[in-house]
Colleague: 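Below: one structure in structure tokens.
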Amino acid sequence: MGKLYIVPTPVGNMADMTPRAIEVLKGCDRIFAEDTRTSGVLLRHFGIETPCSSHHKFNEHTTVRPIIELLLAGETIALISDAGTPGVSDPGFLLTRECRRECIDVETLPGATAFVPALVNSGLPTDRFTFEGFLPPKKGRRSRLERIAANDCTSIIYESPLRLVKTLGELIEVCGADRQASVSREISKLHDTTHRGTLEELEIYFKENIPRGEIVIILGAPEDNTPKVHKNKYKD
């Protein structure tokens, strides 16, 4: 019986790739990637010539079983996503669940994920937090936002730059304008920035400054009394 490796890849800076991750990707029989074109850039950068096939959210229900058959036949397989750790708002859960059912060994390497640096950079409490990932685009969105508003610990939300201002406005409706939050973008890349303040301050800022790159919103709990930062209020 083979083994599945879950291998994190950099969320921005290629230098964040670990030597062990490179070793696993070079030594396995096959790699499954969220987007073979995106991952191809990474693999070529590190001289990794292992065959690579696609496993993404649009085909994972049909590709899980063939991957399991390869593992049962003795292959060592690595799963990667476009950036970060597979299974965290990326394909990976269905495959690891099926491996568990088949008693196939799964090993997840430590490595990059976007929400940890965003959480630590926020200045909001990190002792307890809830990872919400991407919110539902329509059905169930309002009820999810209301649950997040009532959450008694820090909440982590992934968002696209195109929806950021809308989401901040919706959070103001359910949380109040004075709720403390932060918005991180382009983590570990050239234009890595974190903006902190109230939801209202952040909404005003991003209405005037169109965001780019993937976004992580960190939302404080209702009882969080973190003071406003008046000097250099918005930006690192």
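Reckoned from all heavy atoms, side chains included, excluding hydrogens, waters and symmetry mates. Everything numeric in this text was worked out from a predicted model, so none of it was measured.
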Colleague: Write down the atom of Val165, the atom of Phe206, and the distance for their closest heavy-atom approach.
Modeller: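 Closest pair (atom of Val165, atom of Phe206, distance): CG2-O, 3.6 Å.
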Colleague: Quick test of your reading of the model: are Lys57 and Glu34 salt-bridged, counting only N-O distances below 4.0 Å?
Modeller: no
Colleague: Roughly how far apart are Cys175 SG and Glu200 CD, rounded to 0.5 Å?
Modeller: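 Between Cys175 SG and Glu200 CD, I get 13.5 Å after rounding to 0.5 Å.
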Colleague: At their closest point, which heavy atom of Met17 faces which heavy atom of Leu42, and how far apart are they?
Modeller: CE-CD2, 4.1 Å
Colleague: Do Arg144 and Pro136 have side chains that get closer than 4.5 Å, going by heavy atoms?
Modeller: yes
Colleague: Should Pro110 and Arg20 count as side-chain neighbours, where that means a heavy-atom distance under 4.5 Å?
Modeller: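 Yes, at least one pair of side-chain atoms sits under 4.5 Å.
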Colleague: Could you tell me which non-hydrogen atom of Ile187 sits nearest to which non-hydrogen atom of Ala114, and how far apart they are?
Modeller: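 In this case the closest contact between Ile187 and Ala114 is CD1-O, 3.2 Å.
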Colleague: Say whether, by atom type as modelled, one donor and one acceptor occur between the side chain of Thr113 and the main chain of Thr85 under 3.5 angstrom.
Modeller: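 Answer holds: no.
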Colleague: Verify the cluster assignment for Ile80 and Val11: are they in a single hydrophobic cluster under the rule of side-chain heavy atoms below 4.5 Å apart?
Modeller: no
Colleague: Between Ser155 and Thr130, is any side-chain donor less than 3.5 angstrom from a side-chain acceptor?
Modeller: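 No, because no side-chain N or O of Ser155 sits under 3.5 Å from a partner of the opposite role on Thr130.
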Colleague: Are side-chain heavy atoms of Thr194 and Ser122 found at a separation under 4.5 Å?
Modeller: no
Colleague: Is any side-chain heavy atom of Ile217 closer than 4.5 Å to one of Leu164?
Modeller: yes
Colleague: Nearest heavy-atom pair of Gly213 and Pro161: which atoms, and what distance?
Modeller: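 Here Gly213 and Pro161 meet closest at O-CD, 3.2 Å.
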Colleague: Would a distance-only check, ignoring hydrogens and angles, find a side-chain to backbone donor-acceptor pair under 3.5 Å from Arg212 to Glu186?
Modeller: no
Colleague: Which ILVMFWY residues can you reach from Phe32 by hopping between side chains whose heavy atoms are under 4.5 Å apart?
Modeller: Met1, Leu4, Ile6, Val64, Ile67, Ile68, Leu70, Leu71, Leu72, Ile77, Leu79, Phe93, Leu94, Leu95, Ile104, Val106
Colleague: So which pairs with a foot in residues 164-187 pass ring-ring contact (aromatic ring centres under 6.0 Å, His included), sequence neighbours left out?
Modeller: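 Qualifying pairs, neighbours excluded: none.
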Colleague: Work out which heavy atom in Ala78 is nearest to a heavy atom in Val7; give both atom names and the distance.
Modeller: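 Ala78 and Val7 have their closest heavy atoms at CB-CG2, 4.1 Å.
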Colleague: Hey, could you give me the CZ/CZ distance between Arg147 and Arg142, rounded to the nearest 0.5 Å?
Modeller: 12.5 Å
Colleague: May I ask you to test the Val216-Pro117 pair for a side-chain heavy-atom distance under 4.5 Å?
Modeller: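 No, their side chains stay 4.5 Å or more apart.
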Colleague: Of all heavy-atom pairs between Glu60 and Pro91, which one has the smallest distance, and what is that distance?
Modeller: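 Taking every non-hydrogen atom into account, OE1-CB, 3.7 Å.
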Colleague: Does a side-chain heavy-atom distance below 4.5 Å link Thr198 with Gln180?
Modeller: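 Sidechains of Gln180 and Thr198: in contact.
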Colleague: Is there a path of hydrophobic side-chain contacts, each under 4.5 Å between heavy atoms of I/L/V/M/F/W/Y residues, joining Val41 to Ile48?
Modeller: yes
Colleague: Any chain of hydrophobic side-chain contacts (each under 4.5 Å) joining Met14 to Val24?
Modeller: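 In one cluster with Met14: Val24, yes.
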Colleague: Which residue, Thr9, Ile31, Thr38, Thr36, forms the side chain to side chain contact (heavy atoms under 4.5 Å, CB included) with Leu43?
Modeller: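 Considering Thr9, Ile31, Thr38, Thr36, a side chain to side chain contact (heavy atoms under 4.5 Å, CB included) with Leu43 is found only for Ile31.
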Colleague: Test Arg196 against Leu124 for side chain to side chain contact (heavy atoms under 4.5 Å, CB included), laying out the working first.
Modeller: CA-CA 10 Å; Arg196 308 175 185 86; Leu124 292 164; over 6 Å; no
Colleague: Quick one: pull up CZ in Arg44 and CD in Glu49 and give me the separation to the nearest 0.5 Å.
Modeller: 11.5 Å
Colleague: Apply the test side chain to side chain contact (heavy atoms under 4.5 Å, CB included) to residues Leu199 and Leu219: give CA-CA distance (whole Å), side-chain angles for both, the deciding distance (0.1 Å), then the verdict.
Modeller: CA-CA 9 Å; Leu199 286 172; Leu219 180 70; 4.0 Å; yes
Colleague: Mind checking whether Leu25 and Thr50 have side chains closer than 4.5 Å, heavy atoms only?
Modeller: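 No, side chains not in contact.
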Colleague: Donor-acceptor pair, distance only, cut-off 3.5 Å: does the side chain of Arg185 make one with the backbone of His195?
Modeller: no
Colleague: Should Ile215 and Ile172 be regarded as members of a common hydrophobic cluster, given that ILVMFWY residues are connected when their side-chain heavy atoms come within less than 4.5 Å of each other, either directly or indirectly?
Modeller: yes
Colleague: Between Asp90 (side chain only) and Pro86 (backbone N and O only), is there a donor and an acceptor less than 3.5 Å apart?
Modeller: no
Colleague: Could you check whether any side-chain heavy atom of Glu170 comes within less than 4.5 Å of a side-chain heavy atom of Arg141, counting everything from C-beta outward?
Modeller: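 A side-chain contact under 4.5 Å exists here.
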Colleague: Taking only residues two or more places apart in sequence or in another chain, which ones pass side-chain contact (heavy atoms from CB on, under 4.5 Å) with Thr126?
Modeller: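 Partners of Thr126 by the side-chain contact (heavy atoms from CB on, under 4.5 Å) criterion, ordered by chain and then number, come out as Leu119.
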Colleague: Out of Val183, Thr154, Ile157, Val120, which one pairs with Ile218 under the side chain to side chain contact (heavy atoms under 4.5 Å, CB included) rule?
Modeller: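 Result for side chain to side chain contact (heavy atoms under 4.5 Å, CB included) with Ile218: Thr154.
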Colleague: Sequence neighbours excluded, which residues qualify as side-chain contact (heavy atoms from CB on, under 4.5 Å) partners of Lys138?
Modeller: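 side-chain contact (heavy atoms from CB on, under 4.5 Å) list for Lys138, sorted by chain: empty.
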Colleague: Give a yes or no answer on whether the side chain of Asn59 reaches the backbone of His56 with a donor-acceptor pair at less than 3.5 Å.
Modeller: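 Side chain of Asn59 to backbone of His56, a donor-acceptor pair under 3.5 Å: yes, one is there.
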Colleague: Does any pair with a residue in residues 137-168 pass ring-ring contact (aromatic ring centres under 6.0 Å, His included), and if so which ones, sequence neighbours excluded?
Modeller: Phe131-Tyr158, Phe134-Tyr158
Colleague: Examine distances only and state if a side-chain atom of Arg179 and a backbone atom of Ala149 form a donor-acceptor pair shorter than 3.5 Å.
Modeller: yes
Colleague: Working to the nearest 0.5 Å, report the span between SG of Cys99 and CG of Asp105.
Modeller: 9.0 Å
Colleague: Please identify each residue that fulfils side-chain contact (heavy atoms from CB on, under 4.5 Å) with Glu23, with sequence neighbours left out.
Modeller: none
